[in-house]
Amino acid sequence: MRLPKFVAQAALLLGLSLATTAIAGNHADYVGAGPFKTGPEVTKKCMECHEAETKAFMKSVHWTWSKKQKLNGKDIDLGKKNALNNFCVAIDSNWPRCTSCHTGYGWKDKSFDFSKAENVDCLVCHETTGTYKKTPAGAGNPDPKVDLVKVAQSVGKPSRKACGSCHFYGGGGDRVKHGDLDSTLTNPSPEIDVHMGGNKKMTCQDCHQGGKDHAIKGEAASVSIGSTKKIFGCTDCHKVNVHKNAFLNKHAKKIACQTCHIPTFAKALPTKTWWDWSTAGKDDKNAPKDKYGEKTYAKMKGDFKWEKDVVPTYLWYNGTVDRVLMGDKIDPSKVVKLSDAKGDRKDPNAKIFPFKVMKGKQPYDSGNNTVAVVNTFGPPTSETAYWVKYDWAKAIEAGMKAAGQPYSGKFGWIETSMVWPVNHMVTPKGKALKCNDCHSEKGRLDWKALGYKGDPKNPANR
(Lines give C-alpha, C1' and ligand atoms only; values in the text may rest on other atoms or scores of the structure.)
Protein backbone atom coordinates (compact mmCIF):
# COMPACT_ATOMS: atom_id res chain seq x y z
CA MET A 1 0.00 0.00 0.00
CA ARG A 2 1.34 3.42 -0.98
CA LEU A 3 1.52 6.04 1.79
CA PRO A 4 -0.14 9.42 1.24
CA LYS A 5 2.34 11.96 -0.08
CA PHE A 6 2.34 14.11 3.09
CA VAL A 7 2.99 10.99 5.24
CA ALA A 8 5.90 9.93 3.04
CA GLN A 9 7.38 13.42 3.23
CA ALA A 10 7.03 13.49 7.01
CA ALA A 11 8.71 10.10 7.27
CA LEU A 12 11.55 11.31 5.07
CA LEU A 13 12.04 14.47 7.13
CA LEU A 14 11.97 12.45 10.36
CA GLY A 15 14.56 10.07 8.97
CA LEU A 16 16.85 12.94 7.96
CA SER A 17 16.42 14.53 11.36
CA LEU A 18 17.33 11.30 13.16
CA ALA A 19 20.29 10.77 10.87
CA THR A 20 21.55 14.29 11.51
CA THR A 21 21.16 13.80 15.27
CA ALA A 22 23.06 10.54 15.07
CA ILE A 23 25.92 12.17 13.17
CA ALA A 24 26.07 15.12 15.56
CA GLY A 25 26.08 12.89 18.64
CA ASN A 26 28.02 9.93 17.31
CA HIS A 27 30.47 10.43 14.46
CA ALA A 28 31.05 6.68 14.30
CA ASP A 29 27.72 6.32 12.52
CA TYR A 30 28.93 8.60 9.77
CA VAL A 31 32.64 7.79 9.62
CA GLY A 32 31.90 4.09 9.32
CA ALA A 33 34.58 1.44 9.21
CA GLY A 34 36.95 3.26 6.89
CA PRO A 35 39.55 2.17 6.10
CA PHE A 36 41.84 5.20 6.30
CA LYS A 37 45.47 4.79 5.33
CA THR A 38 46.53 8.41 5.82
CA GLY A 39 45.57 11.53 7.74
CA PRO A 40 44.43 13.41 4.61
CA GLU A 41 41.95 10.60 3.88
CA VAL A 42 40.34 11.28 7.27
CA THR A 43 40.22 15.01 6.59
CA LYS A 44 38.51 14.49 3.26
CA LYS A 45 35.82 12.54 5.13
CA CYS A 46 35.48 15.35 7.70
CA MET A 47 35.10 17.91 4.93
CA GLU A 48 32.04 16.18 3.53
CA CYS A 49 30.18 17.95 6.35
CA HIS A 50 32.74 20.47 7.63
CA GLU A 51 34.29 22.05 4.56
CA ALA A 52 33.46 25.59 5.68
CA GLU A 53 35.04 25.02 9.09
CA THR A 54 38.15 23.53 7.49
CA LYS A 55 38.56 26.47 5.12
CA ALA A 56 38.07 28.91 8.02
CA PHE A 57 40.67 27.05 10.06
CA MET A 58 43.17 27.51 7.23
CA LYS A 59 43.12 31.26 7.94
CA SER A 60 44.09 30.75 11.59
CA VAL A 61 47.60 30.96 13.05
CA HIS A 62 47.36 27.33 14.10
CA TRP A 63 47.55 26.55 10.38
CA THR A 64 49.58 29.43 8.92
CA TRP A 65 52.09 29.67 11.80
CA SER A 66 52.37 33.32 10.81
CA LYS A 67 50.34 36.51 10.51
CA LYS A 68 50.68 40.16 9.55
CA GLN A 69 51.73 42.28 12.52
CA LYS A 70 53.12 45.75 13.22
CA LEU A 71 56.50 46.24 14.90
CA ASN A 72 57.87 49.75 15.39
CA GLY A 73 55.50 51.06 12.73
CA LYS A 74 56.49 48.45 10.15
CA ASP A 75 54.28 45.70 8.73
CA ILE A 76 55.91 42.32 9.23
CA ASP A 77 54.94 38.68 8.76
CA LEU A 78 55.74 36.91 12.03
CA GLY A 79 54.89 33.61 13.65
CA LYS A 80 56.27 30.24 14.59
CA LYS A 81 57.18 29.85 10.92
CA ASN A 82 60.02 32.40 11.19
CA ALA A 83 60.40 33.48 14.84
CA LEU A 84 63.75 33.13 16.60
CA ASN A 85 63.98 31.59 20.06
CA ASN A 86 66.64 30.35 22.48
CA PHE A 87 65.43 26.78 22.58
CA CYS A 88 65.88 25.13 19.16
CA VAL A 89 66.45 28.54 17.50
CA ALA A 90 64.27 28.31 14.34
CA ILE A 91 62.32 25.84 12.20
CA ASP A 92 64.07 26.56 8.86
CA SER A 93 65.99 23.44 7.74
CA ASN A 94 64.45 21.51 10.69
CA TRP A 95 60.89 21.22 9.37
CA PRO A 96 60.13 17.50 9.81
CA ARG A 97 60.98 17.70 13.51
CA CYS A 98 59.48 21.09 14.34
CA THR A 99 56.31 20.58 12.30
CA SER A 100 55.38 17.46 14.27
CA CYS A 101 53.31 19.99 16.24
CA HIS A 102 51.77 21.65 13.19
CA THR A 103 48.02 21.13 12.81
CA GLY A 104 48.65 19.63 9.41
CA TYR A 105 50.17 16.75 7.52
CA GLY A 106 53.40 16.64 5.50
CA TRP A 107 55.22 19.94 6.15
CA LYS A 108 58.65 18.45 5.43
CA ASP A 109 60.30 21.42 3.68
CA LYS A 110 59.70 24.99 2.53
CA SER A 111 57.60 23.79 -0.42
CA PHE A 112 54.67 22.74 1.80
CA ASP A 113 51.37 23.70 0.15
CA PHE A 114 49.23 25.62 2.66
CA SER A 115 46.34 25.74 0.18
CA LYS A 116 45.55 22.00 0.32
CA ALA A 117 42.66 21.57 2.74
CA GLU A 118 43.12 17.80 2.99
CA ASN A 119 46.43 18.46 4.76
CA VAL A 120 44.61 19.97 7.76
CA ASP A 121 44.86 17.68 10.79
CA CYS A 122 41.39 17.65 12.39
CA LEU A 123 42.26 14.73 14.66
CA VAL A 124 45.05 16.35 16.67
CA CYS A 125 42.49 18.65 18.32
CA HIS A 126 39.23 16.71 18.07
CA GLU A 127 39.93 13.03 18.72
CA THR A 128 38.83 11.90 22.18
CA THR A 129 40.38 8.45 22.68
CA GLY A 130 43.69 9.83 23.92
CA THR A 131 45.54 7.44 21.60
CA TYR A 132 46.29 9.79 18.71
CA LYS A 133 49.86 10.97 18.29
CA LYS A 134 52.16 12.25 15.61
CA THR A 135 55.55 10.79 14.72
CA PRO A 136 58.18 12.97 16.48
CA ALA A 137 60.08 13.62 13.26
CA GLY A 138 57.35 12.83 10.76
CA ALA A 139 56.45 16.30 9.44
CA GLY A 140 53.13 16.25 11.26
CA ASN A 141 51.94 12.86 10.02
CA PRO A 142 50.24 10.40 12.40
CA ASP A 143 52.22 7.65 14.04
CA PRO A 144 51.75 4.49 11.91
CA LYS A 145 50.46 2.65 14.98
CA VAL A 146 47.46 4.97 15.35
CA ASP A 147 44.10 3.39 14.53
CA LEU A 148 42.79 6.17 12.28
CA VAL A 149 39.30 4.69 12.07
CA LYS A 150 38.99 4.50 15.85
CA VAL A 151 40.16 8.06 16.44
CA ALA A 152 38.07 9.44 13.56
CA GLN A 153 34.96 7.82 15.03
CA SER A 154 35.69 9.43 18.41
CA VAL A 155 35.86 13.10 17.41
CA GLY A 156 34.38 15.66 19.78
CA LYS A 157 35.32 18.81 21.68
CA PRO A 158 39.06 19.30 22.33
CA SER A 159 40.36 18.08 25.68
CA ARG A 160 43.16 19.52 27.79
CA LYS A 161 45.26 16.54 26.77
CA ALA A 162 44.68 17.25 23.08
CA CYS A 163 45.73 20.90 23.43
CA GLY A 164 48.63 19.87 25.64
CA SER A 165 49.95 17.33 23.15
CA CYS A 166 51.68 20.32 21.55
CA HIS A 167 51.48 23.15 24.05
CA PHE A 168 52.79 21.19 27.05
CA TYR A 169 55.77 19.86 25.06
CA GLY A 170 57.20 22.93 23.33
CA GLY A 171 60.98 23.20 23.16
CA GLY A 172 61.56 19.49 22.84
CA GLY A 173 59.86 18.03 25.90
CA ASP A 174 57.35 18.29 28.71
CA ARG A 175 57.51 21.63 30.63
CA VAL A 176 60.60 22.84 28.77
CA LYS A 177 59.33 26.14 27.31
CA HIS A 178 56.54 27.79 29.22
CA GLY A 179 56.86 26.77 32.83
CA ASP A 180 53.14 27.41 33.42
CA LEU A 181 52.10 24.80 30.82
CA ASP A 182 53.01 21.17 31.37
CA SER A 183 51.48 17.70 31.55
CA THR A 184 50.23 18.23 35.12
CA LEU A 185 47.48 20.40 33.60
CA THR A 186 45.97 17.35 31.92
CA ASN A 187 44.30 16.51 35.21
CA PRO A 188 45.54 19.01 37.81
CA SER A 189 44.75 19.43 41.47
CA PRO A 190 43.21 22.77 42.51
CA GLU A 191 46.57 23.73 44.04
CA ILE A 192 48.25 23.45 40.65
CA ASP A 193 45.50 25.28 38.77
CA VAL A 194 42.23 26.28 40.41
CA HIS A 195 40.45 26.78 37.08
CA MET A 196 41.26 23.42 35.53
CA GLY A 197 41.51 21.46 38.76
CA GLY A 198 38.74 23.14 40.74
CA ASN A 199 35.04 22.39 40.88
CA LYS A 200 34.34 23.70 37.38
CA LYS A 201 37.07 21.58 35.72
CA MET A 202 37.53 24.20 33.04
CA THR A 203 38.99 23.22 29.68
CA CYS A 204 41.40 25.24 27.56
CA GLN A 205 38.65 26.51 25.25
CA ASP A 206 36.69 27.99 28.16
CA CYS A 207 39.19 30.85 27.92
CA HIS A 208 40.73 30.24 24.51
CA GLN A 209 37.49 30.41 22.59
CA GLY A 210 37.41 30.08 18.82
CA GLY A 211 33.97 29.39 17.43
CA LYS A 212 33.30 28.10 13.93
CA ASP A 213 36.07 30.18 12.38
CA HIS A 214 38.67 28.52 14.66
CA ALA A 215 40.34 31.88 15.39
CA ILE A 216 41.42 30.77 18.85
CA LYS A 217 41.74 33.63 21.33
CA GLY A 218 45.19 34.21 22.78
CA GLU A 219 48.67 34.12 21.26
CA ALA A 220 52.07 33.41 22.78
CA ALA A 221 54.42 36.38 23.11
CA SER A 222 57.09 34.18 21.51
CA VAL A 223 55.35 34.40 18.13
CA SER A 224 53.24 37.54 18.43
CA ILE A 225 54.02 41.20 19.00
CA GLY A 226 50.83 41.21 21.07
CA SER A 227 47.88 43.48 21.70
CA THR A 228 46.62 45.30 24.75
CA LYS A 229 43.13 44.11 23.84
CA LYS A 230 44.02 40.49 24.56
CA ILE A 231 46.46 40.33 27.41
CA PHE A 232 44.53 40.97 30.63
CA GLY A 233 41.90 38.34 29.91
CA CYS A 234 40.76 37.61 33.47
CA THR A 235 38.03 40.23 33.19
CA ASP A 236 36.42 38.26 30.37
CA CYS A 237 34.86 36.21 33.19
CA HIS A 238 35.56 38.16 36.40
CA LYS A 239 34.17 41.63 36.96
CA VAL A 240 36.69 44.45 37.08
CA ASN A 241 36.29 45.39 40.76
CA VAL A 242 36.06 41.82 41.96
CA HIS A 243 37.57 42.33 45.42
CA LYS A 244 35.53 43.32 48.47
CA ASN A 245 38.54 45.34 49.56
CA ALA A 246 38.60 48.65 47.65
CA PHE A 247 42.36 48.95 48.22
CA LEU A 248 42.92 45.70 46.30
CA ASN A 249 40.71 46.92 43.47
CA LYS A 250 42.87 50.03 43.29
CA HIS A 251 45.99 47.84 43.11
CA ALA A 252 44.47 45.90 40.23
CA LYS A 253 44.54 49.00 38.05
CA LYS A 254 48.34 48.71 37.80
CA ILE A 255 48.98 45.14 38.89
CA ALA A 256 47.84 42.22 36.73
CA CYS A 257 45.60 39.59 38.32
CA GLN A 258 48.25 36.99 37.45
CA THR A 259 50.85 38.77 39.60
CA CYS A 260 49.06 38.03 42.86
CA HIS A 261 47.18 34.90 41.87
CA ILE A 262 50.11 32.96 40.35
CA PRO A 263 52.76 33.21 43.10
CA THR A 264 54.91 30.51 41.46
CA PHE A 265 54.94 28.40 38.30
CA ALA A 266 56.40 24.98 37.45
CA LYS A 267 54.69 23.87 40.64
CA ALA A 268 55.00 20.09 40.37
CA LEU A 269 57.52 19.59 37.57
CA PRO A 270 60.68 21.63 36.93
CA THR A 271 60.99 23.81 33.85
CA LYS A 272 64.13 24.64 31.86
CA THR A 273 65.50 28.12 32.60
CA TRP A 274 68.98 28.01 31.01
CA TRP A 275 70.20 26.38 27.78
CA ASP A 276 73.83 26.72 26.70
CA TRP A 277 74.36 25.43 23.15
CA SER A 278 78.06 26.36 23.22
CA THR A 279 78.99 23.29 25.29
CA ALA A 280 77.23 20.74 23.07
CA GLY A 281 79.08 17.99 21.25
CA LYS A 282 80.86 16.29 24.14
CA ASP A 283 80.29 12.72 25.27
CA ASP A 284 77.53 12.74 27.90
CA LYS A 285 77.63 9.20 29.29
CA ASN A 286 78.26 10.48 32.82
CA ALA A 287 76.19 13.63 32.60
CA PRO A 288 75.26 14.80 36.11
CA LYS A 289 71.69 15.16 37.31
CA ASP A 290 70.33 17.98 39.45
CA LYS A 291 68.28 17.78 42.66
CA TYR A 292 65.13 17.17 40.61
CA GLY A 293 66.66 14.20 38.81
CA GLU A 294 66.99 16.13 35.56
CA LYS A 295 70.04 15.78 33.33
CA THR A 296 72.07 18.99 33.25
CA TYR A 297 73.91 18.12 30.04
CA ALA A 298 73.19 16.42 26.74
CA LYS A 299 75.62 15.98 23.86
CA MET A 300 72.97 17.08 21.37
CA LYS A 301 72.02 20.29 23.18
CA GLY A 302 74.63 21.38 25.75
CA ASP A 303 74.16 22.48 29.36
CA PHE A 304 70.83 23.04 31.09
CA LYS A 305 69.43 24.44 34.30
CA TRP A 306 66.06 23.47 35.69
CA GLU A 307 63.94 25.18 38.36
CA LYS A 308 60.79 24.16 40.21
CA ASP A 309 58.16 26.22 42.05
CA VAL A 310 59.69 29.29 40.43
CA VAL A 311 58.98 32.83 41.62
CA PRO A 312 58.32 34.83 38.43
CA THR A 313 60.26 37.84 37.21
CA TYR A 314 58.05 40.93 37.41
CA LEU A 315 58.05 43.50 34.60
CA TRP A 316 55.84 46.34 33.37
CA TYR A 317 53.81 44.98 30.47
CA ASN A 318 51.31 46.68 28.19
CA GLY A 319 50.53 43.51 26.27
CA THR A 320 53.14 44.02 23.56
CA VAL A 321 56.75 42.91 23.16
CA ASP A 322 59.90 43.97 21.38
CA ARG A 323 61.37 41.30 19.12
CA VAL A 324 64.65 40.49 17.45
CA LEU A 325 63.73 39.29 13.99
CA MET A 326 65.71 37.10 11.66
CA GLY A 327 68.40 39.24 10.02
CA ASP A 328 68.28 42.05 12.62
CA LYS A 329 71.63 43.48 13.70
CA ILE A 330 72.56 42.68 17.30
CA ASP A 331 75.18 43.82 19.83
CA PRO A 332 77.04 40.64 20.85
CA SER A 333 78.67 42.40 23.83
CA LYS A 334 75.29 42.55 25.58
CA VAL A 335 72.57 40.03 26.41
CA VAL A 336 70.47 39.85 23.26
CA LYS A 337 66.81 40.12 24.27
CA LEU A 338 65.09 38.04 21.60
CA SER A 339 61.83 39.19 23.18
CA ASP A 340 61.27 41.80 25.87
CA ALA A 341 58.16 43.16 27.57
CA LYS A 342 57.16 46.70 26.61
CA GLY A 343 55.77 49.20 29.09
CA ASP A 344 56.80 51.22 32.14
CA ARG A 345 55.14 52.77 35.18
CA LYS A 346 54.12 55.85 33.15
CA ASP A 347 52.41 53.75 30.47
CA PRO A 348 48.61 53.95 31.06
CA ASN A 349 48.16 50.51 29.47
CA ALA A 350 50.92 48.75 31.43
CA LYS A 351 50.62 46.58 34.52
CA ILE A 352 53.16 44.73 36.64
CA PHE A 353 53.06 41.22 35.19
CA PRO A 354 54.75 37.86 35.99
CA PHE A 355 57.15 36.26 33.50
CA LYS A 356 59.34 33.28 33.03
CA VAL A 357 62.61 34.65 31.65
CA MET A 358 64.45 32.03 29.62
CA LYS A 359 68.21 32.54 29.28
CA GLY A 360 70.94 30.80 27.37
CA LYS A 361 73.77 30.87 24.85
CA GLN A 362 73.41 30.26 21.14
CA PRO A 363 75.43 30.85 17.95
CA TYR A 364 75.47 34.05 15.94
CA ASP A 365 77.01 35.17 12.67
CA SER A 366 80.03 37.07 14.02
CA GLY A 367 80.72 38.68 10.63
CA ASN A 368 77.23 40.09 10.10
CA ASN A 369 76.21 40.34 13.78
CA THR A 370 72.95 38.47 13.30
CA VAL A 371 71.42 35.54 15.18
CA ALA A 372 72.36 32.28 13.47
CA VAL A 373 69.82 29.76 12.21
CA VAL A 374 71.08 26.22 12.76
CA ASN A 375 70.35 22.99 10.90
CA THR A 376 70.08 20.72 13.93
CA PHE A 377 67.85 17.94 12.62
CA GLY A 378 68.42 15.64 9.67
CA PRO A 379 68.47 12.01 8.54
CA PRO A 380 71.52 9.84 9.43
CA THR A 381 72.93 10.54 5.96
CA SER A 382 72.88 14.32 6.42
CA GLU A 383 76.19 16.11 5.94
CA THR A 384 75.02 19.32 7.61
CA ALA A 385 72.71 18.44 10.53
CA TYR A 386 74.41 19.23 13.84
CA TRP A 387 72.85 16.21 15.53
CA VAL A 388 74.44 13.98 12.89
CA LYS A 389 77.91 15.47 12.28
CA TYR A 390 78.32 17.82 15.29
CA ASP A 391 79.89 20.40 13.01
CA TRP A 392 78.70 23.90 13.91
CA ALA A 393 80.17 25.54 10.81
CA LYS A 394 78.30 23.29 8.38
CA ALA A 395 75.11 23.32 10.47
CA ILE A 396 74.99 27.13 10.60
CA GLU A 397 75.80 27.51 6.90
CA ALA A 398 72.96 25.12 6.00
CA GLY A 399 70.51 26.73 8.43
CA MET A 400 71.17 30.26 7.18
CA LYS A 401 70.84 29.15 3.57
CA ALA A 402 67.48 27.49 4.30
CA ALA A 403 66.29 30.66 6.03
CA GLY A 404 67.40 32.82 3.11
CA GLN A 405 69.87 34.72 5.29
CA PRO A 406 73.39 35.84 4.33
CA TYR A 407 76.20 34.12 6.22
CA SER A 408 79.73 35.48 6.62
CA GLY A 409 81.24 32.07 7.31
CA LYS A 410 82.24 33.08 10.85
CA PHE A 411 80.33 32.36 14.05
CA GLY A 412 80.56 32.97 17.77
CA TRP A 413 78.35 32.74 20.87
CA ILE A 414 75.92 35.21 22.38
CA GLU A 415 73.91 35.20 25.59
CA THR A 416 70.20 35.62 24.96
CA SER A 417 66.96 35.99 26.90
CA MET A 418 63.24 35.70 26.19
CA VAL A 419 60.14 36.64 28.18
CA TRP A 420 57.24 34.21 28.56
CA PRO A 421 54.12 35.70 30.23
CA VAL A 422 52.75 33.50 33.03
CA ASN A 423 48.98 33.01 32.70
CA HIS A 424 48.32 29.48 33.92
CA MET A 425 48.67 27.67 37.26
CA VAL A 426 46.37 30.07 39.09
CA THR A 427 46.37 29.27 42.80
CA PRO A 428 43.27 29.06 45.05
CA LYS A 429 42.45 32.58 46.28
CA GLY A 430 43.46 31.78 49.85
CA LYS A 431 47.02 31.22 48.64
CA ALA A 432 47.30 34.40 46.58
CA LEU A 433 50.06 36.84 47.50
CA LYS A 434 49.56 38.95 50.61
CA CYS A 435 50.75 42.52 51.21
CA ASN A 436 54.01 41.52 52.89
CA ASP A 437 54.99 39.22 50.03
CA CYS A 438 55.84 42.38 48.09
CA HIS A 439 55.89 45.18 50.67
CA SER A 440 58.55 44.00 53.11
CA GLU A 441 62.31 44.02 53.48
CA LYS A 442 62.55 40.68 51.66
CA GLY A 443 59.65 41.27 49.30
CA ARG A 444 59.72 39.64 45.91
CA LEU A 445 59.48 42.78 43.77
CA ASP A 446 62.58 44.63 42.56
CA TRP A 447 61.16 48.12 42.99
CA LYS A 448 64.14 49.95 41.49
CA ALA A 449 64.00 47.80 38.36
CA LEU A 450 60.32 48.74 38.11
CA GLY A 451 61.14 52.45 38.16
CA TYR A 452 60.71 53.34 41.84
CA LYS A 453 63.26 54.66 44.34
CA GLY A 454 62.21 51.89 46.68
CA ASP A 455 59.08 50.27 48.09
CA PRO A 456 56.24 52.66 47.12
CA LYS A 457 54.35 51.97 50.34
CA ASN A 458 56.63 54.75 51.53
CA PRO A 459 55.29 57.90 49.77
CA ALA A 460 58.84 59.21 49.39
CA ASN A 461 59.63 56.35 46.95
CA ARG A 462 56.71 56.93 44.58
Side-chain angles (χ1 to χ4, degrees), residues 60-62 125-126 156-164 166-168 178-182 184-222 224 226-267 312 314-321 341 343 348-356 420-434 437:
S60 75
V61 292
H62 271 98
C125 295
H126 290 287
K157 293 181 179 180
S159 64
R160 290 195 294 270
K161 183 176 181 180
C163 299
C166 284
H167 291 286
F168 296 163
H178 295 274
D180 65 332
L181 286 172
D182 62 36
T184 61
L185 294 183
T186 302
N187 187 26
S189 67
E191 285 69 30
I192 290 176
D193 188 281
V194 73
H195 291 120
M196 291 184 265
N199 293 332
K200 292 186 177 181
K201 300 292 182 184
M202 291 173 65
T203 60
C204 302
Q205 61 266 31
D206 284 327
C207 290
H208 299 278
Q209 298 170 3
K212 289 186 177 182
D213 62 358
H214 285 81
I216 308 299
K217 183 180 179 181
E219 296 169 2
S222 59
S224 175
S227 168
T228 53
K229 295 179 181 179
K230 297 179 181 178
I231 193 60
F232 305 123
C234 302
T235 53
D236 288 352
C237 293
H238 300 282
K239 59 185 180 181
V240 175
N241 293 319
V242 68
H243 304 96
K244 295 179 181 179
N245 185 319
F247 195 66
L248 292 180
N249 288 330
K250 183 179 179 181
H251 264 60
K253 294 183 185 301
K254 297 303 292 181
I255 299 172
C257 306
Q258 292 89 329
T259 297
C260 294
H261 290 276
I262 311 177
T264 63
F265 59 91
K267 292 182 179 180
Y314 298 97
L315 304 169
W316 286 106
Y317 187 37
N318 62 19
T320 62
V321 295
N349 293 316
K351 295 187 178 186
I352 295 174
F353 202 93
F355 290 88
K356 171 185 173 178
W420 295 79
V422 175
N423 287 292
H424 308 89
M425 297 192 175
V426 176
T427 197
K429 64 180 182 180
K431 295 185 178 180
L433 294 183
K434 305 297 189 293
D437 288 311

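Closest heavy-atom contact between Lys253 and Lys351: O-CE, 3.6 Å. Listed here is the closest heavy atom pair of Gly218 and His208: CA-ND1, 4.2 Å. Taking both residues in full, the closest heavy atoms of Lys267 and Glu191 are given as NZ-O, 2.8 Å, listed atom of the first, atom of the second, then distance. Scanning both residues, Ala256 and Phe353, for their nearest heavy atoms gives CB-CD1, 3.3 Å. Considering every non-hydrogen atom in both Phe247 and Asn245, the closest pair reads N-OD1, 2.7 Å. When all heavy atoms are compared, the tightest approach of Thr259 to Tyr314 is CG2-CE2, 3.6 Å.
Rounding to the nearest 0.5 angstrom, the gap separating the SG atom in Cys163 from the CG atom in Leu185 is 11.0 Å. A distance of 4.0 Å separates CG in Asn249 from CG in Asn241, rounded to the nearest 0.5 Å. For the atom pair CH2 of Trp316 and NZ of Lys254, the computed distance is 5.0 Å after rounding to the nearest 0.5 Å. Annotation: the span from Asp206 atom CG to Arg160 atom CZ amounts to 9.0 Å, rounded to 0.5 Å. Atom NE2 of His126 is separated from atom OG of Ser159 by 11.0 Å, given to the nearest 0.5 angstrom. Distance SG/Cys260 to CD1/Ile352: 9.5 Å, rounded to 0.5 Å.
Judged by distance alone, with hydrogens and angles left aside, the side-chain atoms of Asp180 form no donor-acceptor pair with the main-chain N or O of Met425 at under 3.5 Å. No donor-acceptor pair closer than 3.5 Å links the side chain of Lys356 to the backbone N or O of Trp420.
Residues Thr427 and Pro263 are in side-chain contact: their nearest non-hydrogen atoms beyond the backbone lie under 4.5 Å apart.
The neighbour count for Lys201 NZ, taken as heavy atoms of other residues, nucleotides or ligands under 6.0 Å away, is above 12.
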Mind running side chain to side chain contact (heavy atoms under 4.5 Å, CB included) on Gln205 and Lys157 for me, showing each step along the way?
-> CA-CA 9 Å; Gln205 61 266 31; Lys157 293 181 179 180; 4.1 Å; yes
What do the steps show when you test Val422 against Gln258 for side chain to side chain contact (heavy atoms under 4.5 Å, CB included), and what is the final call?
-> CA-CA 7 Å; Val422 175; Gln258 292 89 329; 6.0 Å; no
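Scored by the side-chain hydrogen bond (donor to acceptor under 3.5 Å, both in side chains) test, Thr184 finds Asp182 as partners (sequence neighbours excluded).
In this pair, His261 and His243 present their aromatic rings parallel. The plane angle is below 30°, not in the 30 to 60° band.
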